[in-house]
There are 2 protein chains.
Amino acid sequence: MHTSEAMALSAALLSVAGELTHRINEGVVARGFEGVRPAHGFAFARLAPDGATVTDLAAHLGVTKQAASQLVEEIVRKGYAERRPHPEDARARLVVLTERGWACTRAAEEAAAEAVGAWVELLGEGEVRVLRQQLGRIAPYGPLRPAW
Amino acid sequence: MHTSEAMALSAALLSVAGELTHRINEGVVARGFEGVRPAHGFAFARLAPDGATVTDLAAHLGVTKQAASQLVEEIVRKGYAERRPHPEDARARLVVLTERGWACTRAAEEAAAEAVGAWVELLGEGEVRVLRQQLGRIAPYGPLRPAW
DNA sequence: GATAAATGGTCAAGTTGCTTGACTATGTGG
DNA sequence: CCACATAGTCAAGCAACTTGACCATTTATC
């Protein structure tokens with residue numbers, strides 16, 4: 001693998017990632033959820049199963065807990081989540097999605113499916129499955145960082 | 001392709017993209033080029049062949065020309081590029097990389113090769129080649145947008 | 001050719017999403 | 001019980017963008 005090939009692979013990957021993010025966000029907005037940014041989607045993904053604390057979110061997003069706190073304040077104000085007392089720790093608060101938050105998450109899934117659908121038309125279903133498996137194997141466990 | 005699979009693919013792709021960006025930037029800094037952000041790398045990629053105007057850069061990066069102008073001002077101040085009069089248009093200025101800018105670009109290529117090398121160890125060279133070809137086929141032609 | 005409109009670039013001010021620093025409230029270990 | 005760590009927020013500052021205004025030059029229209 002020459003350095004130029006590595007650069008071409010990197011450029012293609014980042015280009016595809018940028019386009020995908022853009023399309024998902026567009027699709028979410030088109031489904032009636034305004035005032036949401038891509039970063040919110042990654043927060044929703046962490047909140048979705050059982051909720052999370054602000055500190056959990058901060059680690060997941062790779063930002064300070066103050067930034068995570070501000071983000072939570074924003075999505076609470078917009079009706080996508082709510083703060084509940086934590087059942088085991090009186091200092092902490094459990095942030096959980098509201099019904100609107102769940103609806104927005106489903107909209108993001110639909111938009112993602114649409115974007116991936118365009119790849120299926122280009123590569124075929126089998127190749128896209130291969131792509132998913134390959135990316136899954138090299139995906140890190142660390143925080144979701146902004147791409148640049 | 002179910003929506004949950006599309007979501008898993010999207011998450012893996014964005015995760016890999018974020019990690020790749022982080023590693024390339026770390027590698028560039030480790031090679032002695034401080035004060036550079038990932039966005040600069042994408043500007044360098046556009047400037048590398050024959051230089052570009054501020055307006056070209058703005059379109060390439062998907063930002064306003066004012067933002068592109070500020071970015072050029074910054075990389076000029078840091079010694080990575082310089083402004084020259086445009087040979088055909090007295091309004092425009094051709095922004096070209098300095099020798100230090102070229103050295104930084106080579107450092108980014110080396111760092112990218114390192115990051116991709118880790119994937120080769122996980123997937124094997126053949127699979128990575130497949131990955132590159134697949135991504136190349138679905139990569140858009142539009143501007144390089146920040147992933148989120 | 002003259003003149004209106006479009007284009008390349010910059011200056012200035014405002015917005016936003018993040019940071020660091022300071023603080024309170026609650027939990028944990030000596 | 002007391003020192004220290006942790007969850008969360010408030011406040012101020014910063015950095016990378018935005019919008020709006022403007023000048024210099026080129027292109028289009030008559």
Side-chain angles (χ1 to χ4, degrees), chain A residues 18 21-22 25 29 34-44 46-47 50-78 80-96 143-148, chain B residues 18 21-22 25 29 34-44 46-47 50-78 80-96 143-148:
Chain A
T21 303
H22 186 68
N25 200 54
V29 170
E34 294 183 12
V36 283
R37 290 175 291 117
H40 296 147
F42 293 94
F44 287 11
R46 181 67 185 82
L47 298 177
D50 304 299
T53 66
V54 163
T55 301
D56 286 340
L57 258 186
H60 185 247
L61 298 176
V63 298
T64 62
K65 60 182 182 176
Q66 291 92 326
S69 183
Q70 290 172 5
L71 190 143
V72 167
E73 170 60 26
E74 187 184 353
I75 63 178
V76 165
R77 178 165 41 80
K78 291 177 177 170
Y80 294 106
E82 59 186 16
R83 292 184 240 242
R84 294 185 181 171
H86 196 286
E88 298 166 1
D89 190 335
R91 296 170 301 178
R93 314 180 70 172
L94 197 60
V95 181
V96 297
L144 281 161
R145 306 174 185 280
W148 66 83
Chain B
T21 303
H22 186 68
N25 200 53
V29 170
E34 294 183 13
V36 282
R37 291 175 290 115
H40 296 149
F42 293 95
F44 287 11
R46 181 67 185 83
L47 298 179
D50 305 298
T53 66
V54 164
T55 301
D56 286 340
L57 258 186
H60 186 247
L61 298 176
V63 298
T64 61
K65 60 182 182 177
Q66 291 92 327
S69 182
Q70 290 171 5
L71 190 144
V72 166
E73 171 59 29
E74 186 184 353
I75 63 178
V76 165
R77 179 166 40 80
K78 291 177 177 170
Y80 295 105
E82 59 186 16
R83 290 183 242 241
R84 295 185 180 171
H86 195 286
E88 297 167 2
D89 190 334
R91 297 170 301 178
R93 314 179 70 171
L94 198 59
V95 181
V96 297
L144 280 162
R145 307 172 184 281
W148 67 85

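First the proteins, then the strands, lettered A, B, ... as listed; each starts at 1.
Taking the side chain to side chain contact (heavy atoms under 4.5 Å, CB included) definition, one finds that B:Leu94 meets it with B:His86, B:Pro87, B:Val96, sequence neighbours left out. Legend: residues meeting side chain to side chain donor-acceptor pair (under 3.5 Å) with A:Ser69, ordered by chain and number and at least two apart, are absent. Remark: B:Gln70 pairs with no residue by the side chain to side chain donor-acceptor pair (under 3.5 Å) rule, at least two apart or across chains. Judged as a salt bridge (Lys or Arg N to Asp or Glu O under 4.0 Å), and not counting sequence neighbours, A:Lys65 has no contacts. B:Asp56 pairs by the side chain to side chain donor-acceptor pair (under 3.5 Å) definition with B:Thr53, not counting sequence neighbours. Every residue two or more places apart in sequence or in another chain that forms a side chain to side chain donor-acceptor pair (under 3.5 Å) with B:Glu82 is listed here: B:Arg84.
Only B:Asp89, B:Ala90, B:Arg91, listed by number, bring a heavy atom of residues 87-95 of chain B to less than 4.0 angstrom from any atom of DNA chain D.
Counting all heavy atoms, side chain and backbone alike, B:Leu47 lies closest to B:Ala81 at CD1-CB, 4.5 Å. Between A:Leu61 and A:Ala43 the shortest heavy-atom distance is CD2-N, 4.1 Å. For A:Arg83 against A:Val95, the heavy-atom pair with the smallest separation is CG-CG2, 4.3 Å.
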Nucleotides 1-4 of chain D: which of its N/O atoms have a protein N/O under 3.5 Å away?
none

Which protein N or O atoms sit under 3.5 Å from an N or O of nucleotides 11-17 of chain D?
residue, atom, partner, partner atom, Å
D:dA16, OP1, B:Arg37, NE, 2.8

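Think of the region where chain A sits on DNA chain C: with heavy atoms and a 4.0 Å cut, that region ends 5' and 3' at C:dG17 to C:dG27.
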Could you go step by step and tell me if B:His40 and B:Leu71 meet the side-chain contact (heavy atoms from CB on, under 4.5 Å) rule?
-> CA-CA 8 Å; B:His40 296 149; B:Leu71 190 144; 3.9 Å; yes
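The phosphate of D:dT6 has neither OP1 nor OP2 within less than 4.0 Å of any side-chain N or O from A:Thr55.
Residues B:Tyr80 and B:Val36 have side chains in contact (heavy-atom distance under 4.5 Å, counting atoms from C-beta outward).
To the nearest 0.5 Å, atoms CZ (A:Phe44) and CG (A:Leu57) are separated by 10.5 Å.
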